[in-house]
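One structure is given below, encoded as structure tokens.
Numbered from 1 within each chain, the chains take letters A, B, ... in sequence-line order.
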Amino acid sequence: MTVPPPTMLAQQVAALGDDAQRHPDPTGTPYLPEPDLGTPRVEGTAEVTVSVDGREVVVPGGTSVLRAAREAGVDVPSLCATDSLRAFGSCRLCLVEVEGGKGVPASCTTPCADGMVVRTDTEQVQRLRRGVMELYLTDHPVDCPGCARGTCEIQALARRTGVAEVRYGLPAAGSGPASRVDGGASRDTTNPYFDYDPQACIVCSRCVRACADVQGTFALTVEGRGLASRIAPGPTEFIASECVSCGACVQACPTEALVEKSLVQLGMPTRAVETTCAYCGVGCTFRAEVQGAAEETRVVRMTPLKAGGANEGHSCVKGRFAYGYAAHDDRQLRPMVRESIEDEWRVVSWEEAIGRVAEGFRGIQERHGVGAVGGISSSRCTNEEVYVVQKMVRAAFGNNNIDTCARVCHSPTGYGLNQTFGTSAGTQDFESVDHTDVMLLIGANPTDAHPVFGSRMKQRLRKGAQIIVADPRRIDLVRSPHVQAAHHLPLLPGSNVAFINAMAHVVVTEGLHDEEFLRDRCEDVDAYLEFARDEGNSPEATAEATGLDPEQLRAAARLYASAPNASIYYGLGVTEHSQGSTMVMGLANLAMLTGNIGRRGVGVNPLRGQNNVQGSCDMGSFPHELPGYRHISRPEVRAIYEDLWQVRLDPEPGLRIPNMFDAALGGTFRGLFVHGEDIAQSDPNLQHVRAALSAMELVVVQDLFLNETARYAHVFLPGSSFLEKDGTFTNAERRLGRVRPIMPSKVGKDEWQIVCEIATAMGFPMSYGSASQIMDEIAATTPTFAGVSFERLDREGSMQWPVNEAAPSGTPTMHVEEFVRGRGRLVPTVFVPTTERTNRRFPLILTTGRILTQYNVGAQTRRTANSTWHPEDVLEIHPSDAELRGIRSGDTVELSSRVGTTALTALVSDRMQPGVVYTTFHHPVTGANVVTTENSDWATNCPEYKVTAVQVAVANAREGRHTDGRAGRDLGVSDAHEPIDPAVPFSVAGSGR
Amino acid sequence: MSAAGVEEGHDPRELLSPEVRLGGDIARALAHLGEDAPTEIATHLRKFWDPRMRAAILERLRAGEIEDPLLRAGVEAYLEGEVDRGEVREPSGG
Ligand code: SF4
Ligand code: SF4
Ligand code: FES
């Protein structure tokens, strides 16, 4: 039996002080488990000095003796303690002696006091520990596979504590504590990603505490007593339980009672590479634990990194487990071309594909003008890739027809926060929520869409902070175990601005505003105060629009305004409206009005959807802005790039995505490069989008899969997964995190390299030796990134922009002394109702959102076992609306709007209010965007996804389920592959297809 | 079909050109600015619209197809070039 050497902890702890270990080079470092210091770090207390086995160590007062010992490099054995959880003191293995103290206390629950002298290895301690260990061994299977692998700590601890034999007799092979008592509880293998083996469980309750304290789901409990006790996900199996598969329990388990299926199947990793999750805007840091090298690399598992700035050791089901798509058979690994979109694809060489793209775009420009082509960059790609795509468009295409998928999600955040604060980004870091007293959450559902941050919010709420949830739907944060919103304001879709004005009205008319802050830090104050005071903005006057009880709104406004620290968190329920930009300004107004800007615990925080929405916007993906949000009309900014690139830049803004579609139908826009975005599924009014794509002469798609947009493409360029990329992502808190390749690109070229080759073939030579050189160019040309380099990120860890001379290590909180624009600007936000209204034919309002296990258009998650939980999109409908239409849960219903019709399955649910229906947009077969309309935010063209007037009726059949609203044509889908083989995630082989 | 030629349940604005429709949204959003509104509309067009969109809306203006008086005033202000270019010195967003 291979047992890890007892000195492993010492190695791990030694590695703590070693930068090379903490931030390994891109190829990773030999696999070692992450060091575990036993109990959480203590902050904000005076330092004390203690002596452990003669070694002096300085720690913050209140730090456990166990942690102090480990920090001093003294290996005290432990089982029930781990540094992600508060100490519990149940296993009694961590006993020590304290000079002058009584008995042998558990070091994990004993706080350090100045001058303390601790002995961890006296004869008495050793004897007691051996006794404890023997008891554990009698209950542990001798043939424990985890012990053999080295992931189960029991055998190693037995050696470490010097237990040579067990006086009480070892259990028979194949038996364990539970089996001896309850006749053999069997393995629970129902979760697609991990197994639970009660035989190996030592009932340390680390998993139960992780589920409660870290994740906040409370799905696990200890059942039974004494030797019969075991942990259970409620009275059911894992798959049917409340478990959200975040992996925190597996991470916390010291044995292999909870273990990843992939680890069992593939065995121990040999190498670990730190990287950033490629799903949502939380941007969790992970360790990719892998086997093999180069093309033969296989992912054994992804584990969340404790030092991760955004996640601090936590994860969700997407980042932790749903990486199997990267090795899915559907991945296209070769470039392909075809003459027309009716033809079959033809696999070609890279040269031919790139030549075709370059000649095609140049040809279109010769025939139809320089502005007849453009590109769309991706919020899923790295900053470096996005930067080169916008550079290709501006310099090689010679126009500014560059936009990004942020157009359809957070472009109003860009506009609104710029107008009011002077920069297009959230004001805080995630840690700030630990210091807030009241959160106003609007138009976001963090427990599903930003799960790791959602857990952090719940942690804070359990510690006593309060939350106001403004959302048409009763989301989990309204009420879930140990969380109860102070107010749920179920406002009607489309009434956000009326709502925020009413909040401001209450604050101003009740004298709750912060006059000093307004006087010292803001401008246009009087006009705004007068606007807010207007009776038309009172909760009573706006009640008809918002559907809210004025008294409850008043109470919520008072709660927000009177909190010492109040913060605003918002999502796409704010931006994706005809007044999205106005609403963002309204939120900024409210924060300024109450002085809730410029310190920890406050602020205005957009929760970004995709992993790199923030970064793609920062990198100059908007048609009117160069990197760093500088308008293209500014000659001195253009000059920076013109000098460097030796090319003249067009000073006029280019087309935004919806304008590109309109121009395509108008005949002036004929060629499009689409980088990693599925516009034919994700954009609104799909009939219009598809007609526009069909009207173009050359559509180039670069993606992992042949997605919906590829149906309209003439050239397909295969992309690389995040496991193959070298670069950075910027998360919702402006944090630049490194993305490191665990294997070379499966398609033979990095994505930035392909873009450079297209530009070069078009006559604008572009080349870089590595992704880090691209970041160097970004840093050299963009003041907010001046201090960023791969070398620094590798050495110092992630950083929040601005990183420059004024903030050499980055900026966790913005607008501290003054706003980026000097004074914060208060903007009157007049409520202008959307023109999308219910009527006799379409009497319901449809709003859309996301679910935990799926991600956006689902191209990745649908190709993993995550589909176990969400195999299709469903339409949530209130019981009274359902009854009126004779609809029951499970019925197939037809959902129609003025622009289109689709079919999906109904779920009768009182989470919605009457008159409002809800669905997600993860599956192309459902095609929620077949029904969404052409309406958009007035300032940014961000689509109004969140308000569509619809009708719902029981459908007869699902044949031809997408039709055009007028002509009734079948629109069809292509990316509707069958739910995946659940084995896929576990055979994440690097060997290709 | 209603008198305006719009199917029941449909939005009459569907019949407008994309530029006039979006222009109308902008005019409604900025109407509260009173006499400053036309200049603000013109600034917005210059700052965020591609030249071909501006050309298209000018064509609609010339053809007398812009019914919304405020949008008309805004497009006329654009045409006269009385636009505050100073604003683009600020970061612009969105
Ligand atoms: S499953 Fe693991 S973490 Fe949970 S109680 Fe058992 S041994 Fe401890
Ligand atoms: S919370 Fe977001 S970034 Fe973190 S693991 Fe989940 S999907 Fe990835
Ligand atoms: S580790 Fe201290 S009692 Fe278990």
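The interface of residues 53-67 of chain B with chain A, defined by heavy-atom distances below 4.5 Å, comprises B:M53, B:R54.
Summarising the geometry, atom CG belonging to A:N941 is positioned 8.0 Å from atom CD1 belonging to B:I26; distances are rounded to the nearest 0.5 Å.
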Next item on the list: Take B:W49 and A:R656 through the test side chain to side chain contact (heavy atoms under 4.5 Å, CB included) and record every step on the way to the result.
Entry: CA-CA 8 Å; B:W49 281 28; A:R656 301 176 287 202; 3.5 Å; yes
Notebook entry, point to check: Are A:N399 and B:D50 close enough, and set up right, to give a side chain to side chain contact (heavy atoms under 4.5 Å, CB included), and what steps lead you there?
Noted result: CA-CA 10 Å; A:N399 61 46; B:D50 169 271; over 6 Å; no
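Looking at A:F421, there are no atoms closer than 4.5 Å to chain B (heavy atoms on both sides), in backbone or side chain. Using a 4.5 Å cut-off between heavy atoms, B:L33 makes no contact with chain A at all. Of the two parts of B:R52, only the side chain, counted from C-beta on, holds a non-hydrogen atom closer than 4.5 Å to a non-hydrogen atom of chain A. Only the side chain of A:A663 comes within less than 4.5 Å of a heavy atom of chain B; its backbone N, CA, C and O stay farther away. Looking at A:P623, neither its backbone nor its side chain comes within 4.5 Å of chain B, counting heavy atoms on both sides.
Contact record, A:S936 with B:D25: O-OD2, 3.9 Å, taken as the closest heavy-atom pair. Nearest approach of A:V832 to B:A29, heavy atoms of both residues: CG2-CA, 4.4 Å. Annotation for A:P653 and B:P51: closest pair O-CD, 3.3 Å, computed over non-hydrogen atoms.
When the candidates A:T582, A:D937, A:N935, A:T668 are compared by the number of heavy-atom contacts under 4.5 Å with chain B, A:T668 comes out ahead. Counting heavy-atom pairs closer than 4.5 Å to chain B, the top-ranked of the candidates A:F531, A:F831, A:F842, A:W938 is A:W938.
Ring geometry, A:H624 versus B:F48: the interplanar angle exceeds 60°, so the pair is classed perpendicular (tilted spans 30 to 60°).
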